[in-house]
Amino acid sequence: MIEVLPPGVLADMITGKPPRRDTFEGWQHYRTTRGRFAPAPKLTLAQWRGLSPHRRSLYDCTAPPPT
């Protein structure tokens with residue numbers, strides 16, 4: 001299940017300083033938010049080939065294309 005974050009929360013997560021895990025508040029934040037990461041879906045070779053050159057460039061260029 002994918003959780004939709006309220007506006008601004010993602011921006012704060014990216015641009016803000018990470019909370020310190022050696023404090024109670026920082027640990028509680030880490031403990032309650034660590035499961036929010038959702039990896040990108042895997043693409044088939046046909047899906048990858050169907051991407052525009054710009055979209056392909058957003059993927060890791062050091063990894064080989066999906067098989």
Side-chain angles (χ1 to χ4, degrees):
M1 182 170 129
I2 297 175
E3 179 181 345
V4 178
L5 299 175
V9 172
L10 183 59
D12 289 341
M13 288 172 58
I14 293 172
T15 60
K17 286 186 173 182
R20 296 180 50 163
R21 293 186 203 168
D22 59 350
T23 64
F24 178 77
E25 293 82 14
W27 177 253
Q28 293 303 315
H29 179 268
Y30 169 75
R31 188 181 60 78
T32 58
T33 60
R34 65 182 175 195
R36 290 187 179 172
F37 175 75
K42 292 188 176 187
L43 298 176
T44 64
L45 182 57
Q47 291 171 323
W48 185 80
R49 286 183 174 158
L51 295 175
S52 68
H54 173 70
R55 297 283 291 194
R56 283 187 191 180
S57 71
L58 298 177
Y59 284 85
D60 181 13
C61 61
T62 61
T67 56

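Reckoned from all heavy atoms, side chains included, excluding hydrogens, waters and symmetry mates. All residue numbers refer to positions in the sequence shown, counting from 1. Keep in mind that this is a model prediction, so the values were computed, not measured.
In this structure T32 satisfies the side-chain contact (heavy atoms from CB on, under 4.5 Å) test with no other residue, sequence neighbours excluded. For the salt bridge (Lys or Arg N to Asp or Glu O under 4.0 Å) test, no residue two or more places apart in sequence or in another chain qualifies with R21. The side-chain hydrogen bond (donor to acceptor under 3.5 Å, both in side chains) check on R31 picks up Q28, with sequence neighbours excluded. In this structure, the side-chain hydrogen bond (donor to acceptor under 3.5 Å, both in side chains) partners of R20, at least two apart in sequence or on a different chain, are D22.
Residue pairs meeting the salt bridge (Lys or Arg N to Asp or Glu O under 4.0 Å) criterion with at least one partner in residues 39-55, sequence neighbours excluded, do not occur; the list is empty.
Other members of the cluster containing W27 are Y30, with ILVMFWY side chains joined at under 4.5 Å, either directly or via other members.
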